[in-house]
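Working notes, structure below.
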Amino acid sequence: MRIQLNGENRNIPDHSNAQDLVELLKLTDKRLAMEVNREIVPRTTFAQHQLYEGDQIEIVHAIGGG
Amino acid sequence: MSENANLRDDSFVVAGTTYHSRLLVGSGKYKDLDETRQATDASGAEIITVAIRRTNIGQHPGEPNLLDVVPPSQYTILPNTAGCYTAEDAVRTCRLARELLDGHKLVKLEVLGDEKTLYPDVTATLEAADTLVKEGFDVMVYTSDDPILARRLEDIGCCAVMPLAAPIGSGLGIQNKYNLRTIIENASVPILVDAGVGTASDAAIAMELGCDGVLMNTAIAGAQNPVLMASAMKKAIEAGREAFLAGRIPRKRYASASSPLDGTFF
């Protein structure tokens with residue numbers, strides 16, 4: 001299925017959940033935060049959060065800034 | 001009490017946490033994370049700002065992470081909303097930051113109005129501050145040097161108000177001493193100068209005015225030798241604070257001799 005990830009279109013396996021996506025991206029155990037369709041998905045609920053065709057997903061981290 | 005004892009006991013409180021360093025630093029614009037670590041260490045700062053940005057998908061595994069060199073266990077991490085031009089984007093950024101930092105509630109709110117000046121959009125700032133306070137965030141807010149607005153932000157419930165001294169990254173120094181004085185006199189939350197400092201004397205001037213602290217990034221990271229400038233800023237903040245506590249002499253137009261006139265033999 002097609003999702004939008006950090007502003008880019010991407011195909012991921014059907015029936016993936018947020019945890020599957022994090023593993024697919026090799027971001028497991030990285031300090032990150034995820035938003036799906038502008039709603040926060042807490043890390044503790046990644047495995048229960050089903051993703052759907054057309055979801056808009058943002059994955060962010062901390063970088064240098066003032 | 002000696003000056004040293006005076007300064008050692010000197011502290012300020014933001015959102016219930018006591019801080020001894022009145023220098024807050026950003027973590028942007030350094031050439032690499034090692035320089036970030038060294039300069040941050042030399043500054044003696046306890047509060048470090050970070051930005052929230054998209055993760056690079058497909059980044060190298062094991063790539064060093066900013067929070068490895070400024071660990072939340074050692075520093076108070078202050079996520080900012082830099083780059084946000086709407087209240088909505090700023091609120092989203094803060095929610096992501098809270099999730100990223102395991103429920104950490106302290107944020108630096110800035111809603112910008114214009115790319116050329118990076119001046120705050122004050123109406124959007126008020127709107128975002130109101131939402132964030134209601135959602136339980138501890139909001140340190142970047143704003144213009146308007147005393148009325150500073151009070152409004154305090155009334156909303158911001159835990160610190162941070163007026164600019166000059167545009168972000170400009171290095172123009174303290175351009176608005178009288179406004180800053182007024183803001184400080186009116187406030188019952190910490191007032192920190194955020195933005196505009198160019199060199200150590202600027203930081204000292206801000207502290208001599210009675211600011212609770214100064215937040216800076218470019219002045220350190222953009223210096224020829226950032227680590228040395230971080231050390232200079234640390235000393236300037238301490239010197240300015242001591243001078244404020246000591247109470248400066250009044251300004252006079254004419255001279256006042258330092259040596260007694262009694263006992264002259266001529």
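The chains referred to below are lettered A, B, ... by the order of the sequence lines, with proteins before strands, and numbering in each begins at 1.
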Is there a donor in the side chain of [X] and an acceptor in the side chain of [Y], or the other way round, less than 3.5 Å apart?
{"X": "B:Thr218", "Y": "B:Lys29", "answer": "yes"}
{"X": "B:Asp202", "Y": "B:Thr199", "answer": "no"}
{"X": "A:Gln19", "Y": "A:Glu23", "answer": "yes"}

### Task
Check step by step if side chain to side chain contact (heavy atoms under 4.5 Å, CB included) holds for A:Leu21 and A:Leu51.
CA-CA 9 Å; A:Leu21 177 64; A:Leu51 298 176; 4.0 Å; yes
Which atoms of [X] approach chain A - backbone, side chain, both or neither, heavy atom under 4.5 Å:
{"X": "B:Leu101", "result": "both"}
{"X": "B:Leu96", "result": "both"}
{"X": "B:Asp102", "result": "both"}

### Heavy-atom donor-acceptor pair, B:Thr93 side chain to B:Asp89 backbone, under 3.5 Å
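Judged by distance alone, yes, a pair lies under 3.5 Å.
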### Query
Within the distance-only criterion (no hydrogens, no angle test), does the side chain of A:Arg31 pair as donor or acceptor with the backbone N or O of B:Leu100 below 3.5 angstrom?
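Yes, the answer is positive, given that a donor and an acceptor are paired below the 3.5 Å cut-off.
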#### Entry: Contacts with chain A made by residues 70-80 of chain B (heavy-atom distance under 4.5 Å), listed by residue number
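Hits under 4.5 Å: B:Pro72, B:Asn80.
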### Query
Got a second to check how far B:Ile47's CD1 is from B:Leu215's CG, nearest 0.5 Å?
8.0 Å
### Summary
Checking heavy-atom separations under 4.5 Å from chain B, one finds in residues 33-43 of chain A A:Ala33, A:Met34, A:Glu35, A:Arg38, A:Ile40, A:Val41, A:Pro42, A:Arg43
### Task
Would you name the heavy atoms of A:Glu58 and B:Arg92 that are closest together and state the gap between them?
CG-NH2, 4.2 Å
### Query
Counting heavy-atom pairs under 4.5 Å to chain A, which of B:Ile48, B:Thr49, B:Asn217 comes out on top?
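Ranked by contacts with chain A, first place is B:Thr49.
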